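Please read the structure below before turning to the comments.
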Amino acid sequence: MRQSFDYLPVAGAPVPQAGERVRVPFGRQRAIGIVAAQAESSAWPRARLKSVTQAIDTTPLWDAATFGVLRWAADYYHHPLGDVLFGALPKMLRDGAAASRELVVWRLADAGRAAIAAGARLGSRQQALVALLGADGATQPALAAAGHSAAVRALAKRGWIESFARSAPPPPAGAGRPGPVLTADQVQAVAAVGDSLGRFGAFLLHGVTGSGKTEVYLRLIERVLAAGRGALVLVPEIALTPQLVARFRERLSAPVVALHSSLADGARLDAWRAASAGCAPVVIGTRSAVFTPMPALGLVVVDEEHDASYKQQEGFRYSGRDLALMRAQRAGVPAVLGSATPSFESLANAAAGRYVRLSLPERTGRAGKPGVTVIDLRVNAARDGISPPAMAAIERHLADRGQVLVFLNRRGYAPTMFCSGCGWVAPCKSCDARLTVHLSRARLVCHHCGADEALPFACPQCGNELAPVGEGTERVETTLKQLFPREPLVRVDRDVIRRRGDMEEALGAVADGRARILLGTQMLTKGHDFPDVTLVVVLAADQGLFGADFRASERLAQQIVQVAGRAGRGDRPGEVLIQTSYPEHPLLKCLITRGYEGFAELALVERRAAGWPPYAHLALLRADAPARADVYQFLEAAAAAAPATRRDRIRILGPAPAALARRAGRHRAQLLVESPARGALQAFLAHWVDALAALKPSRQLRWSLDVDPAEVD
Ligand code: ADP
Ligand code: ZN
Ligand code: ZN
């Protein structure tokens, strides 16, 4: 709901402050609410206002700066404040668990013990409570959960049981081992950010993979800790980089907590409480950790700031990176954005002087930059995905006892099942998409809606034999195993890395040399060290060259540079091979001859000419429904409802079908709103959202507004 609701405080009790939770009657139900603000008056007559039933918190859940960021985010993304606030909390806090680390513990009092010894008569519920309390007592939430609240009140009234407060034990401290002597570039970076401690400043730390960015973060955090403050470190995916948290714990002496989605609810609550109480001054977390309250924040770090996972793609569609900057600004502390392949937005911000640019151009190891060679697939036809020159290179590197990394950003056996008789291609019944062949499971699977079906034996149209066409990682694994039967291979993609621990297992096999060939999707491009990898083969660079989305080429360049950066981190120089059918594509050529920065320069010129971000500001109104007409009717009504008084410098494009025009049985289309000025766009959206909320679309239609969308396909 976009509106807030007025309540009276509990009579005689202190008025709850903004950011505290309260229990309230809501319609015929009861609900937990978060106080948005205190008001002196209401549009409703006093007699119609209901009272808060119970205050849950005694202090606000967030510090003032973080609460300010949440309010700002609700405004900026035009998303309901209630959803923003509740979404920022661990599940157990949404459900009413205590936010404080102070636990109320009940135990038997002397009077109670004496009375029981003297044979006092207890009801059966009271007996059960006394048994539960035992010698150690029990916490209030545990007792409430077990249904003992009434018995607790009765025995407490008689003075037979008593309560005391006990703090949860703090998270363990780190080992505090010293780091290496910094290089001159690292010293410069640490000094630049260090000089800004205590006030806001944005820094773009551009350093190739292995150039020592993490070491720079660690040094800065040490300084922040020494000043009695804490650091918030955002990373794209913790599950994929378990060694990162371990490294922080090893190097820092203060407690470090991790916050991410694969934590169990209780563990997540504990980590949140420790951070909010200041017991864990270093928080490492994924996107949503940006909302963690930290009382003495001193530094914000966003590692791999270009990573797409910082953008939430459903519900409240915020950018964790952008909110991290806002958070640093509100807290008056520096923000460091680190990457080997900075986003074009950040490069443009640095060029415009909004970010201070810091560079770590050299790797810390002895090995130089890897040599990059392009293999023209039109001349060197690939067999099952691998061209003869790539095959020869793999053989050579394996013979030299190097490890080989093969990158293909497509899982499954083959992307299509094809009939050479009539041209039939196996389609998904509920999406405008083809089914992917998963041969090991003998299934056809839709990567968009998850539908799967048995592999057909023959073409349903003409009865001819069917063949899988194209390559996914599963097929390339088969090929590599045939070509190099003696060389142990590890495959890393979402089909084989499913449980916690799978990734550690795979990385372990690579680290200790059990695996010689490493094959995988972009899961491999995320921050891992593969020091003995001497050869990287990019099997299909073409996917990103012709993508519909304006960011497709940026993502392609980032993937290639990131995966190439995995090679030769040890003392051996690396070699990178890129297979493509378009070796003369200007962007690819530029990437290879001029590197990532040259590529970005060229691509930014194109973006400026085309009026794309960062030179324009976008919002996307998406809609989907089972009936196509409903979708277009809604979007046309939405376009017509655009507030005429705010149309200055606003362009509305569409309705146009989404790149995947039907998914899971729902038709999808969108309106793109574009403006050269962020302020104009914001003013427009604020009015437009109200108009949208007043539209009455078909009941099955869903719509969402995405400000600064990551993809516009
Ligand atoms: P990045 O975060 O840029 O990938 P890291 O900070 O992880 O780089 O550094 C890469 C490797 O080099 C790590 O093993 C790290 O311990 C090591 N390293 C970093 N800085 C130095 C230094 N100044 N001297 C020696 N080794 C270093
Ligand atoms: Zn056929
Ligand atoms: Zn599907």
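Keep in mind it's a predicted model, so treat the numbers as computed, not measured. Both ligands and their constituent atoms are indexed starting at 1 by order of listing.
Distances from atom 22 (C) of ligand 1 to the heavy atoms of Asp303, Leu182, Val181, Leu205 show the closest one on Val181. When Gly212, Pro531, Ala184 are ranked by how near their heavy atoms come to atom 9 (O) of ligand 1, first place goes to Gly212.
By the criterion of a heavy-atom distance under 4.0 Å, both the backbone and the side chain of Ser211 are placed next to ligand 1.
Residue-ligand proximity, Thr183 to ligand 1, at heavy-atom distances under 4.0 Å covers atoms 23 (N). Near Glu215, meaning under 4.0 Å from one of its heavy atoms, ligand 1 places the atoms 6 (O), 19 (C), 20 (N). Under a 4.0 Å criterion applied to the non-hydrogen atoms of Lys213, ligand 1 contributes the atoms 1 (P), 2 (O), 3 (O), 6 (O), 8 (O). The atoms of ligand 1 that sit less than 4.0 Å from any heavy atom of Arg247 are 5 (P), 6 (O), 7 (O), 15 (C), 16 (O).
Ring centroid separation for the pair His438 and His447 comes in under the 6.0 Å cut-off.
In this structure, Gly207 does not count as a contact residue of ligand 1, since none of its heavy atoms falls inside 4.0 Å of the ligand. Heavy atoms of Val208 approach ligand 1 to within less than 4.0 angstrom.
With respect to Arg491 and Asp493, a salt bridge is recorded, a charged nitrogen being found less than 4.0 Å from a carboxylate O.
For the pair Tyr596 (side chain) and Pro342 (backbone), a donor-acceptor distance under 3.5 Å is present. In this structure a side-chain-to-backbone donor-acceptor pair under 3.5 Å is missing from Gln186 to Glu215. Glu305 places no side-chain N or O within donor-acceptor distance of the main-chain N or O of Arg321, the cut-off being under 3.5 Å.
Rounded to 10°, the angle formed at the Zn ion (ligand 3) by SG of Cys449 and SG of Cys428 is 110°. Around the Zn ion (ligand 2), the angle linking Cys462 (SG) with Cys419 (SG) is 100°, rounded to 10 degrees.
Taking all atoms of both residues into account, the shortest heavy-atom contact from Ala350 to Leu204 is CB-CD2, 4.0 Å. Minimum interatomic distance between Gly298 and Leu197 (heavy atoms only, all atoms of both residues): O-CD2, 3.9 Å.
In summary, no N, O or S atom of His448 is located under 2.8 Å from the Zn ion (ligand 3). The distance from the Zn ion (ligand 3) to the nearest N/O/S atom of Cys446 is under 2.8 Å.
Ring planes of Phe344 and Phe599: tilted class, angle from 30 to 60°.
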